[in-house]
Amino acid sequence: MNITDQSAAEIARGLRDKTFSALEVTRAHLARIAELNPALNAYIEVFADAEDAAREADRVLAEKGTEAHPLCGVPIAIKDNILIQGKRVSAASKMLEHYVATYDATAITKLRAAHAVFLGRTNMDEFAMGSSTEHSAFGPTKNPHDETRVPGGSSGGSAAAVAAHLAPLALGSETCGSIRQPASLCGIVGFKPTYGAVSRSGLIAMGSSLDQIGPFARTVRDAELVFNAIRGADPLDGTTLPAFDTTPPRTKRIGVPRAFVADAQSETRLVFEKKLAELASEGYDIVDIELESAPLALPAYYIIMPAEVSTNLARLDGMRYGLHVDGATLREDYERSRAAGFGPETRRRIILGTHVLSSGYCDAYYRKATVLRAQVAADLARAFESVSFIATPTAPGPAFKLGEKSDPVSMYLEDIFSAPANLAGMPAISVPMGHVERDGVELPLGIQFMAPRRMDASLFDIARAARNEA
Ligand code: GLN
């Protein structure tokens with residue numbers, strides 16, 4: 001079997017059995033990247049020192065044997081908004097094109113301690129704003145299933161890398177679906193942890209009350225492996241949670257918000273129903289639930305997120321980090337630097353966010369959105385009194401064509417099923433549920449499961465059941 005076809009767990013076993021070395025594993029992936037990345041544009045940069053890291057992992061494996069961390073010597077791709085000390089990190093923006101990280105994100109510190117091998121940094125929508133990776137300053141990523149289509153976003157590079165076997169694993173980040181939606185469009189597993197389960201230290205901030213780092217993988221087991229490696233309380237992020245129990249779910253009851261799911265394309269709904277029927281035959285109890293405020297999550301998100309974006313990106317003023325363009329006055333320095341550094345979608349959101357926070361509009365927009373956010377969380381909490389999981393399609397449909405959603409609002413609608421979990425800080429996972437055909441190509445679709453806060457482990461159980469994974 002080809003090394004690049006193996007899951008992280010299989011690679012870990014092969015390394016222990018000495019079927020191959022970490023160096024061979026890394027070289028196999030680098031060779032495939034060299035072959036396929038020019039067309040896919042999943043990686044913005046491949047790290048020149050990946051082979052050195054693999055040699056170091058081989059030393060650790062020789063010394064520790066079976067005691068080595070399960071990710072020791074396993075390659076992983078990193079989204080270009082997660083800091084790796086000494087490496088460039090651009091958030092796919094001209095603003096930070098030449099910026100070099102001065103410290104490791106906590107998730108990176110943990111993966112480094114495990115001796116995972118960082119292959120490179122992956123493409124994304126600029127500052128993680130988008131659902132297609134078309135907003136990258138470095139060109140779009142292509143969907144490996146059909147290169148005329150998008151991989152989803154914002155973590156499209158990470159998703160495409162894992163789907164095309166350019167890495168067995170990747171880190172992405174979510175503010176509203178940026179792991180789950182590209183996982184769905186690329187046919188892989190994507191997991192968004194409970195808010196606070198994984199440290200945000202060293203993640204370039206988008207919407208701080210929503211952001212969360214999480215894994216991409218081709219198996220549920222691999223996604224869980226990465227989550228367990230990067231999770232935990234962190235003094236560098238005051239919003240992290242103390243280690244929480246991995247209690248089993250109380251019931252096998254799955255709630256389906258039928259009225260909400262009606263917003264998906266009809267073929268997506270058919271595939272979704274088929275997967276639910278399969279789960280029912282495996283002993284899950286499928287029940288209809290009301291989730292009245294769920295459709296309000298998206299509009300609330302598109303007020304709260306730009307508000308946080310406008311404040312988070314204020315630090316990128318041409319003086320402190322990244323791009324600097326000289327003007328006649330300090331004010332002109334700011335204006336020229338920001339105009340040259342930020343792409344159109346980023347500018348749109350900064351303007352929108354500044355508006356919804358401005359005096360006179362703050363009560364009408366921002367505060368109202370925070371009330372809606374509380375309602376969404378309360379509605380979900382009420383639903384979880386009677387069910388252990390909530391299931392919806394991950395996205396309304398399969399991968400769309402490059403350029404198809406040039407109207408920003410049509411792009412925002414991709415996030416309809418993602419928004420509730422981010423607003424409520426709840427964990428959610430997307431796993432492949434089937435395919436639909438478009439232009440003679442089979443395109444993957446994902447199913448999403450949500451669970452109450454801290455019930456992350458229960459999502460891996462149900463995801464495994466949905467995938468028939470042992
Ligand atoms: N599609 C979402 C947006 O454009 C994705 C944000 C995210 O999860 N980073 O805001």
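Just follow the structure's listing: the first ligand is 1, and inside any ligand the first atom is 1.
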Can an N or O of [X] be found at a distance shorter than 3.5 Å from an N or O of ligand 1?
X    : result
M305 : no
M129 : no
K79  : no
G130 : yes
S173 : no
Y302 : yes

For this session: Report yes or no: does Y412 have a heavy atom closer than 4.0 Å to ligand 1?
Result: no
Exercise. So, does Q181 sit close enough to ligand 1 that a heavy atom of it is under 4.0 Å from the ligand?
Worked result: no
Exercise. Can you say whether the rings of H355 and Y365 are parallel (under 30°), tilted (30 to 60°) or perpendicular (over 60°)?
Worked result: tilted
Enumerate, atom names and distances included, each donor-acceptor pair closer than 3.5 Å involving a side-chain atom of residues 288-300, sequence neighbours excluded.
{"unit_1": "D288", "atom_1": "OD1", "unit_2": "R258", "atom_2": "NE", "d": "2.9"}
{"unit_1": "S293", "atom_1": "OG", "unit_2": "D379", "atom_2": "OD2", "d": "2.8"}

With a 3.5 Å cut-off and no angle check, do the side chains of [X] and [Y] form a donor-acceptor pair?
X    : Y    : answer
K79  : S158 : no
R180 : N422 : yes
R221 : S7   : no
R367 : Y361 : no

Exercise. Any Lys/Arg nitrogen of R88 or E45 sitting under 4.0 Å from an Asp/Glu carboxylate oxygen of the other?
Worked result: no
Could you tell me, atom by atom, which parts of ligand 1 come under 4.0 Å of a heavy atom of [X]?
X    : result
M206 : 6 (C), 9 (N), 10 (O)
A128 : 5 (C), 6 (C), 7 (C), 9 (N)
E174 : 8 (O)
G177 : 8 (O)

For this session: Applying side chain to side chain contact (heavy atoms under 4.5 Å, CB included), run through I213 and I82 and close with a yes or a no.
Result: CA-CA 9 Å; I213 294 175; I82 299 172; 4.2 Å; yes
For this session: Look at atom 10 (O) of ligand 1 and say which protein heavy atom is nearest, naming residue and atom and giving the distance to 0.1 Å.
Result: Y301 OH, 2.6 Å
For this session: Would you indicate which of S154, S178, S131, G172 comes nearest to atom 6 (C) of ligand 1 when only heavy atoms are counted?
Result: S178
Seminar exercise, completed: Hits for ring pair (Phe, Tyr, Trp, His ring centres under 6.0 Å) against Y302, two or more places apart or cross-chain, chain-then-number order -> Y412
